[in-house]
Structures are given as structure tokens and as C-alpha cells.
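See below for the structure under consideration.
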2 protein chains.
Amino acid sequence: MQTQTTPTVSRSQPQASSQPQASGRSLEHPRREAIRLEDVLHALSDPMRMRVVRTLAEETCELSCSVFDLPVSKSTTTHHFRVLRECGVIHQIYRGTAKMNALRRDDLDALFPGLLDRVLAAAALQEGRLGGDRG
Amino acid sequence: MQTQTTPTVSRSQPQASSQPQASGRSLEHPRREAIRLEDVLHALSDPMRMRVVRTLAEETCELSCSVFDLPVSKSTTTHHFRVLRECGVIHQIYRGTAKMNALRRDDLDALFPGLLDRVLAAAALQEGRLGGDRG
DNA sequence: AGTGTAGTTTGACGATCGCCGTACTAATTC
DNA sequence: GAATTAGTACGGCGATCGTCAAACTACACT
């Protein structure tokens, strides 16, 4: 495990006009039509990735990778976000030093109507049943 | 988890010989409460297993393993059915020389309301999009 | 320029996966 | 009892998975 300093706080700087934009590196995303159900199910079958998706679903805005504070190393975190992006579950863009993440709700709902909501509801129900234990 | 071994004796009572009943060997199934969302999603993320589940969902009666005719070997077929059983997606019983399979709809619907239907609908939709490809 | 922050890349590791063939067990039928 | 049918157990193989540490790149802010 790494020690991740648990920031969890909002940025105080306003970054007004010079808001960092998507720059430099580009990320590959599958087109909507290329998203495959089996890849999405596989992506969601990992507890870490499910956790990311659930957190993303609760927020309306984009979240940087660093706010998630997963109990794995940085490189593993990178790996999980990449899996989620490459299978079409999330959208990622660089913004300054951060990499912002958002659920591809529209695409997923268009391809698999109601699926994401049911998965999220199922995860919440199970967490209730099992008391948040992930063992 | 398996390796139940020593099913040993426990002979079945000879019933009316015209209809084979569940007999001899016993199969372990997880209790409803023990079914985990991540295991179900993982099970469904394999094309062969998804195919089995979709076929099972279309039928109202039990189906033997042999009617599926998956494009893999017998031992691989056994493997996939076992995965589906051990994660709680299907129920299996021996009936004579055959092993009958049924979806655990009630359990899945109780634990994860609407999830199975959405997954099945998503699979059907994707099959439509991608043309008859089912694997 | 220097320091710090955020995330990537590489290579490795053990575990698991999907797959196979062979040999086996169990129930039914001849 | 022998043959048949249906499925299992036992490795084994190559691929993928989740994980890590170490070294690296890219941007921001002194």
C-alpha cells in the first residue's frame, strides 16, 4: 500500500482565466458503437473499479484520479483507470497535472438502457447487506 | 472451495424407472445471501457463459448441459457450467445421466432487482447492433 | 532553475483464466 | 455384465489479471 496523503480537500486556487485545459498527451477512447457489453461487465467485476464507478456516479462533476485514494499503489490505480477508459466506461482528459474522470453515462445508457443504474443499485444493495465489507 | 470429494454412498431410492430423478451426486450451490455481484458480473463477462445464460433465460424449463453445444470441448463446457453454478447464477441438479440447468432468477432478482433483465436486454441489443454474433 | 504534484511506463511476480486431451465415474439400456 | 450416454477430475498450457516498485514524463508554482 502506498501512503496517499488523503487530500480530499477542494482546491483553494481559483485558476480563473488560465484554467488548465486538456493538453499535450491524448487519450484513446472507444467510440460508442465499439463498446462491448462483455468488456463493461468484466471491468465492473473488479471491486476497485466498481468503487471508482460508484464514486463517479455519485458526483456530477469530473473527478481527478487522485481523489479516489484506492488502497493500491499508484501504478495499479493507473491500470484500473485505463481499463475503465479502454472499455468505454469512463472518459478521461488531462487538465493540467491532473487527469479528470467522468462516467460515460450517455453512451452506456444508449447502448445498454438501464444497465448502469441497475448495477449501481445492486452494488448499493449488496453493500447494505454485507455492511460495506469487501472481503 | 469445491473439492467436496467423498460424495460416496448415499444411494438413491429406486423410483419409478420411467422418470429419472435427482440422485446420487450432490452439487453445492451458494445460498442466496452468499451470491456476490462481482462474481455474477465476472461470470457474465465471458461470451460462452453469457450464451448459456441467455439460452436459459429464453426457456421456461430446465435444460441439460448437452443441448447447448458450445464450440468448446466437453471439459471446458463443464468448467463454464461450474463457474455459473458456484457464483449463484444457475441451479444444477442431476437427473439420470443428465445434469439439468436452470437460471436462479428468483434469487438474482431478489438480490439485484432488474439487473438480470437489463443484462439480457443489453446482450440482445448488442447482438442486434453487431449482427448475429453471439460470441 | 528547482521543487513538488500527478500520473505513466516498464518489467516483474504469482494467481487466475479459458482451453485442451485423457482418463475416469455414474446412471441407463441392451 | 457390457455398451452407451452424460458429465467429471486431473493435470497442463499459454494468456491475461491484479499487483507492486522503480524510474520516468508532464505540468505548475515558486
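Below, chains carry the letters A, B, ... as their sequence lines are ordered, and counting in each starts from 1. In this text the structure is predicted, and so the values were computed from the model without any measurement.
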Provide, to the nearest angstrom, the distance between the [atom1] atom belonging to [X] and the [atom2] atom belonging to [N].
X	N	atom1	atom2	value
A:Lys74	C:dT10	NZ	P	16 Å
A:Phe68	C:dG7	CZ	P	10 Å
A:Leu27	D:dA26	CG	C1'	13 Å
B:Glu62	D:dG7	CD	C1'	16 Å
A:Gln92	C:dG7	CD	P	10 Å
B:Arg95	C:dT28	CZ	C1'	16 Å
A:Phe81	C:dT9	CZ	P	15 Å
B:Arg82	D:dC10	CZ	C1'	11 Å

Practice item. From the options D:dA9, D:dG7, C:dG7, select the nucleotide whose nearest atom is closest to the side chain of A:Tyr94. Key: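 Shortest atom-to-atom distance from the side chain points to C:dG7.
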Review point. If you check every side-chain atom of B:Ser73, which of D:dC20, D:dG7, C:dC20 has the closest atom?
Key: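 Between D:dC20, D:dG7, C:dC20, the one nearest the side chain of B:Ser73 would be C:dC20.
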Check your understanding: Within the structure shown, what part of the strands sits under 4.0 Å from B:Thr77 by heavy-atom distance: base, sugar-phosphate, or nothing?
Key ->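 B:Thr77: no heavy atom of the nucleic acid under 4.0 Å.
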Tell me every residue that passes salt bridge (Lys or Arg N to Asp or Glu O under 4.0 Å) with [X], counting only those two or more places apart in sequence or in another chain.
X	result
B:Glu33	B:Arg31
A:Asp107	A:Arg32, A:Arg104
A:Glu59	none
A:Arg49	none

Practice item. Answer yes or no: is there a donor N or O on one side and an acceptor on the other, between the side chain of A:His29 and the main chain of A:Gln92, under 3.5 Å? Key: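 Checked: pair present.
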Check your understanding: Can you check whether B:Pro47's main-chain N or O pairs, donor with acceptor, with A:Glu38's side chain at less than 3.5 Å?
Key ->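 The answer is no, because no donor-acceptor pair under 3.5 Å joins these two groups.
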Practice item. Examine the base of D:dA26 for any acceptor or donor lying under 3.5 Å from a partner atom in the side chain of A:Thr97, and report the outcome as yes or no. Key: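 Between D:dA26 and A:Thr97, which were checked side chain against base, a qualifying N/O pair under 3.5 Å is absent.
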Return the polar atom pairs (N/O with N/O) between nucleotides 14-18 of chain C and the protein under 3.5 Å, or none.
unit_1 : atom_1 : unit_2  : atom_2 : d
C:dG18 : OP1    : B:Arg49 : NH2    : 2.8
C:dG18 : OP2    : B:Arg49 : NH1    : 3.1
C:dG18 : OP2    : B:His79 : NE2    : 3.4

Review point. Mind checking what makes side-chain contact (heavy atoms from CB on, under 4.5 Å) contact with A:Thr76, not counting sequence neighbours?
Key: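 If we apply the side-chain contact (heavy atoms from CB on, under 4.5 Å) test to A:Thr76, skipping adjacent residues, the hits are A:Val72, A:Ser73, A:His80.
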Check your understanding: Does B:Ser66 make a side-chain N or O approach to OP1 or OP2 of D:dG7 shorter than 4.0 Å?
Key ->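 So the side chain of B:Ser66 is within the cut-off, an N or O lying under 4.0 Å from OP1 or OP2 of D:dG7.
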